[in-house]
Structure formats: structure tokens, C-alpha cells
Amino acid sequence: MAYKKNGSISMTDYLRTWEGMEAAYYLNLTKSIGVSNFNISQMQRLWDNSRIKPAVLQIEVNPTITQEELVEWCRVHGVVIMAYSPFGAILGRKQDAPPPRADDQFLQSLSTKYNKTVPQILLRYLLDRSLVAIPRSTNKGRIEQNIDILDFSLTPEEIKKLGSFNKNYRLRTPAKCYVGGMKPPSQEQVVGIEPTPSGAGARVTTPHANRSSSAR
């Protein structure tokens with residue numbers, strides 16, 4: 001489900017939106033397409049009703065929200081997880097956030113053992129889970145530190161211990177879940193795709209332009 005500029009919920013079914021993204025793929029405007037903040041039921045519904053499968057899912061993942069079930073679903077289906085907010089509440093400023101914090105004894109022991117900062121340990125945790133971490137920084141020194149995590153690996157036991165911090169706590173505002181039974185918008189409301197015979201590519205139809213284009 002998406003939101004309009006005024007903050008209201010858009011009634012456009014995300015499957016229709018995905019058709020437009022598939023069109024961009026067939027027109028060679030992008031090499032891959034993906035989604036953000038989808039849960040398992042949304043991912044499964046998209047998977048079952050699409051021609052081009054999502055290549056990536058961007059979600060919040062860190063030791064206080066490990067997303068084990070969703071990560072496993074994506075692993076089985078070959079979808080890359082892009083993990084935003086990789087430091088979570090551990091480095092966050094929210095007073096009501098659950099522990100741990102950066103001064104946690106276990107985190108500090110890992111920092112000492114590997115001669116790395118706690119943020120580097122947290123990034124390595126995601127990397128060792130085969131996730132793509134996307135930390136955000138405008139500080140040159142910290143950006144360099146964020147990259148400098150390729151010369152060590154955490155042990156399976158350490159990864160499990162970090163995962164035990166899970167509280168399903170989201171640093172970012174949770175996305176609204178899709179509710180079934182929604183009536184899809186009409187063809188006149190959205191840009192749709194007319195399937196063409198096998199091997200003929202896809203045709204993108206623009207309702208307001210009375211014209212179509214196709215690509216192989």
C-alpha cells in the first residue's frame with residue numbers, strides 16, 4: 001500500500017504499480033526492479049502474480065529487528081535483502097528503545113576482539129547474514145569505516161548472540177500492512193500492460209495518450 005502526497009492511503013493495488021515497473025524493465029529502462037517494506041504475505045502475493053520477480057527487498061534489519069522469517073523467505077526465493085537502518089536503536093537516540101546500546105558488554109568485547117568499532121561490528125553482522133547493509137553518513141571518516149569491514153568475520157556463535165537482541169523493534173515508522181479484499185482500480189486510473197504473445201515482449205499502454213509502445 002502506498003501513500004499520496006497529502007498523507008492519505010492510495011487505493012491503487014500494488015500489483016498494478018508493479019505492472020508499470022515491469023514495463024520499465026521490458027523497455028530496457030532498468031536492469032532490475034524491487035520493492036521496499038513488504039511483508040511476507042505481500043511478497044508472496046507479488047511473487048504469485050508477476051512476470052518479472054522482485055530482485056531486491058529493502059527493509060529495516062539490525063540486531064533489534066532481525067526479520068528472520070522474511071529474510072529466510074527471500075533467501076529461498078533468491079531475493080536480495082537490502083538492510084536499511086543497520087545500526088537500529090543501538091546507536092539511535094530514542095529514549096524508549098530497548099537495549100542494547102553501544103556500551104553493551106558483548107558489543108564492546110567484539111569491538112576489542114576484532115579491533116573494530118561497534119558500528120563496524122553491526123555492519124559485519126549483516127554482511128555475515130548475506131544481507132546488503134546500507135548505512136547512511138555524510139562524514140568522510142565514518143564512510144571509510146563503514147567500508148572497512150571486509151578483513152574479518154564473526155563466528156556463527158557471535159552472529160547468533162547478536163540475533164538474540166531481537167525485540168522486533170522498528171527504528172523507522174512501520175509501513176501499513178496490505179489488507180485483502182481491496183477492489184483494484186480501473187484501467188483508466190492506472191498505466192497498465194497488455195501482455196503480448198510469448199516471446200513478443202511487453203506492451204505499455206498509456207490511457208491518456210491513446211498510444212502504445214513495445215520492447216523485446
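All heavy atoms count here, side chains included; hydrogens, waters and symmetry mates do not.
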Tell me whether [Y] is reachable from [X] by hopping between hydrophobic residues (I, L, V, M, F, W, Y) whose side-chain heavy atoms are closer than 4.5 Å.
| X | Y | answer |
| --- | --- | --- |
| L122 | I81 | yes |
| I40 | V61 | yes |
| V118 | L150 | yes |
| I59 | W73 | yes |
| L46 | L70 | yes |

Shortest non-hydrogen contact from [X] to [Y]?
| X | Y | value |
| --- | --- | --- |
| T64 | P100 | CG2-CD, 4.1 Å |
| C74 | L57 | SG-CD2, 3.8 Å |
| H77 | W47 | O-CH2, 3.2 Å |
| V79 | P54 | CG2-O, 3.5 Å |
| P86 | I134 | CD-O, 4.0 Å |
| R170 | K94 | O-NZ, 4.5 Å |

Please round to the nearest 0.5 Å and tell me the distance separating atom [atom1] of [X] and atom [atom2] of [Y].
| X | Y | atom1 | atom2 | value |
| --- | --- | --- | --- | --- |
| I159 | R124 | CD1 | CZ | 8.5 Å |
| L123 | T117 | CG | OG1 | 8.0 Å |
| I121 | L126 | CD1 | CG | 12.0 Å |
| Q105 | L110 | CD | CG | 11.0 Å |
| Y25 | I52 | OH | CD1 | 5.0 Å |
| T30 | E22 | OG1 | CD | 12.5 Å |

(request) State, yes or no, whether a side-chain contact exists between Y125 and D128 at a heavy-atom distance under 4.5 Å. (result) no

(request) Report yes if some heavy atom in the side chain of L154 is under 4.5 Å from a heavy atom in the side chain of K161; otherwise report no. (result) no

Just by distance, do the side chain of [X] and the backbone of [Y] share a donor-acceptor pair under 3.5 Å?
| X | Y | result |
| --- | --- | --- |
| D104 | P99 | no |
| Q145 | Q120 | no |
| Q58 | Y84 | no |
| T112 | Q108 | yes |

Is it the case that over 12 heavy atoms from other parts of the model lie below 6.0 angstrom from the [atom1] atom of [X]?
| X | atom1 | result |
| --- | --- | --- |
| K53 | NZ | yes |
| R101 | CZ | yes |
| N139 | CG | yes |

(request) Show your reasoning for whether side chain to side chain contact (heavy atoms under 4.5 Å, CB included) applies to I90 and N62. (result) CA-CA 9 Å; I90 295 175; N62 55 67; 5.8 Å; no

(message) Applying salt bridge (Lys or Arg N to Asp or Glu O under 4.0 Å), can you list everything that pairs with D148, at least two apart in sequence or on another chain?
(response) K116

(request) Mind checking salt bridge (Lys or Arg N to Asp or Glu O under 4.0 Å) for K113 and listing every partner two or more places apart, or none if nothing turns up? (result) E158

(request) Any chance you could lay out the side chain to side chain contact (heavy atoms under 4.5 Å, CB included) test for V35 and W18, step after step, and finish with the verdict? (result) CA-CA 9 Å; V35 292; W18 186 255; 3.6 Å; yes

(request) Sort and list the pairs that fulfil salt bridge (charged side-chain N to carboxylate O under 4.0 Å, His left out) and have at least one residue in residues 63-87, not counting sequence neighbours. (result) E68-R129, E72-R75

(request) Provide the full list of ring-ring contact (aromatic ring centres under 6.0 Å, His included) pairs with a residue in residues 127-150, sequence neighbours left out, each pair given once. (result) none

(request) List for me each residue that meets ring-ring contact (aromatic ring centres under 6.0 Å, His included) alongside F87, sequence neighbours excluded, and say none if there are none. (result) none

(request) Kindly indicate, with the supporting measurements, whether the criterion salt bridge (charged side-chain N to carboxylate O under 4.0 Å, His left out) is fulfilled by K160 and E157. (result) CA-CA 5 Å; K160 184 177 181 180; E157 294 74 22; over 6 Å; no

(request) Quick one: list whatever passes side chain to side chain contact (heavy atoms under 4.5 Å, CB included) with P98, sequence neighbours left out. (result) K167, Y169

